[in-house]
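Worksheet: the structure to be examined is printed underneath.
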Protein chains: 2
Amino acid sequence: MRAKEAAERLGITQRMLRHYEKAGLMDIRRSENGYRIYGEADLRRAGRIRDFIETGFSTREIRTMASCLTDDGAGPCEGGIEQLLQKLGHIDRLRADLDARREAVLDRLAMLRDALSNHLEGSESQQVAPDITVPEGTPHGRRPNPAGVESGAARR
Amino acid sequence: MRAKEAAERLGITQRMLRHYEKAGLMDIRRSENGYRIYGEADLRRAGRIRDFIETGFSTREIRTMASCLTDDGAGPCEGGIEQLLQKLGHIDRLRADLDARREAVLDRLAMLRDALSNHLEGSESQQVAPDITVPEGTPHGRRPNPAGVESGAARR
DNA sequence: CAGAACGCTGACATCTATGTCAGGGTTCTG
DNA sequence: CAGAACCCTGACATAGATGTCAGCGTTCTG
């Protein structure tokens, strides 16, 4: 397929697709007229690159773990794992934090709702947020190092 | 504590600490001589900001969810239910975002680990990342669309 | 006290990610 | 065929994260 479709399927702009290429992260085949021709594998690769970038990696870092971009789980993918684990650490810390906060909010919310209904029992009822449905959102529970400041000195 | 110590404990530079401040993400107390004085709560807040940033968020985006940076899940909350619901919305959206990122990372990680073990099956084994343990942290499982090209059109 | 170590501000510099525009082909369609 | 819709390259532009240096006060220590 050509640029437009590829970009659409990936949810990014053609600009970025070219950017990845220029950054040396991919090498797209060209048709005789010079148009880029993306194959499914290219899409997958670009999709991974996109994800890496949206996860906070720079093309520079990604190039470092180029072997982590191919379909075939071949190459050792040196470097990739540690870097990923590190990111995971950041993400998990934030998640834990958000989970805690989320619960606090839910609690408060429930409390208010109770108070409210008890209060306007039988009154004209002002109908403030009538049917509060707790928006589901992945299970949450344990909450280690609540507001953890650190998690391993000397970084980056 | 003062700048140097704070920065060290957070694993970032004083420069960035000032950057967060200038970005309107925190407001650090000053001693009479003008020196910044960081308290534990400031550290926690800065730590979260740091994590958000390293997870790919910009100060601009972070400012948007400023209420997610405080320790107390409590907070002003004046305005009641609407505000709470709104906050809940932010939190959940944030969580969704983090989940996506987290999962992308986990997927890649699992994939890599598999490839790796399959690869050095019985060989002299170079011991690259010997005992990769997926850091526990909220349950995760399904992994549809392995090398997922897409993940929902119109993103961001 | 002198010098080291540290703090502050502001400015300039680099790198990336992205957007957008221009100038100029190529393809598809009514 | 004419115009729309695409594609390409290259350049200029912005924003944000970070680094680093200068010029200048403050603290701590031998």
Residues which pass side-chain hydrogen bond (donor to acceptor under 3.5 Å, both in side chains) with A:D27, listed by chain and number, not counting sequence neighbours: none
Between D:dG16 (C1') and B:F52 (CZ): distance, integer Å: 17 Å
Set of salt bridge (Lys or Arg N to Asp or Glu O under 4.0 Å) partners for B:E21, sequence neighbours left out: B:R30, B:R36
Interatomic distance where CD belongs to A:E61 and C1' belongs to C:dA17 [whole Å]: 13 Å
Any B:R60 side-chain N or O less than 4.0 Å from OP1/OP2 of D:dA15: no
Spacing of B:I62 atom CD1 relative to D:dA15 atom C1', expressed in whole Å: 15 Å
Sidechain-backbone polar pair: A:E54 side chain, A:D51 backbone, donor-acceptor under 3.5 Å: no
Below 4.0 Å: OP1/OP2 of C:dC15 and any side-chain N or O of A:S58: no
Spacing between A:I28 atom CD1 and D:dC8 atom C1', to the nearest angstrom: 14 Å
Measure all distances between protein nitrogen or oxygen atoms and nitrogen or oxygen atoms of nucleotides 6-10 of chain C, and list the pairs falling under 3.5 Å.
| residue | atom | partner | partner atom | Å |
| --- | --- | --- | --- | --- |
| C:dC6 | OP1 | B:K4 | NZ | 2.6 |
| C:dC6 | OP2 | B:K4 | NZ | 3.4 |
| C:dG7 | OP1 | B:K4 | N | 2.8 |
| C:dG7 | OP2 | B:Q14 | NE2 | 3.3 |
| C:dG7 | O4' | B:Y35 | OH | 3.4 |
| C:dC8 | OP1 | B:R36 | N | 3.1 |
| C:dC8 | OP1 | B:R36 | NE | 2.8 |
| C:dT9 | OP1 | B:R30 | NH1 | 3.4 |
| C:dT9 | OP1 | B:R30 | NH2 | 2.9 |
| C:dT9 | OP2 | B:R36 | NH2 | 2.1 |

Side-chain donor/acceptor of A:R63 to backbone N/O of A:A23, under 3.5 Å: yes
Between D:dT20 (P) and B:M16 (CE): distance, integer Å: 13 Å
Distance, rounded to the nearest Å, where A:H19 contributes NE2 and C:dT16 contributes P: 9 Å
Residue pairs fulfilling ring-ring contact (aromatic ring centres under 6.0 Å, His included) with at least one residue in residues 9-49 of chain B, sequence neighbours excluded: none
Carboxylate-amine/guanidinium proximity below 4.0 Å for A:R45 and A:E40: no
Residue list, side chain to side chain contact (heavy atoms under 4.5 Å, CB included) with A:Q14, at least two apart or on another chain: A:A3, A:K4, A:A7, A:R18
Contact under 4.0 Å: A:T59 side-chain N or O vs C:dA17 OP1/OP2: yes
A:L25 CG to C:dT16 P, straight-line distance once rounded to whole Å: 12 Å
Interatomic distance where CZ belongs to A:F57 and P belongs to D:dA17 [whole Å]: 18 Å
Earlier contact from the 5' end, DNA chain D, for B:R63 and B:T13: B:R63
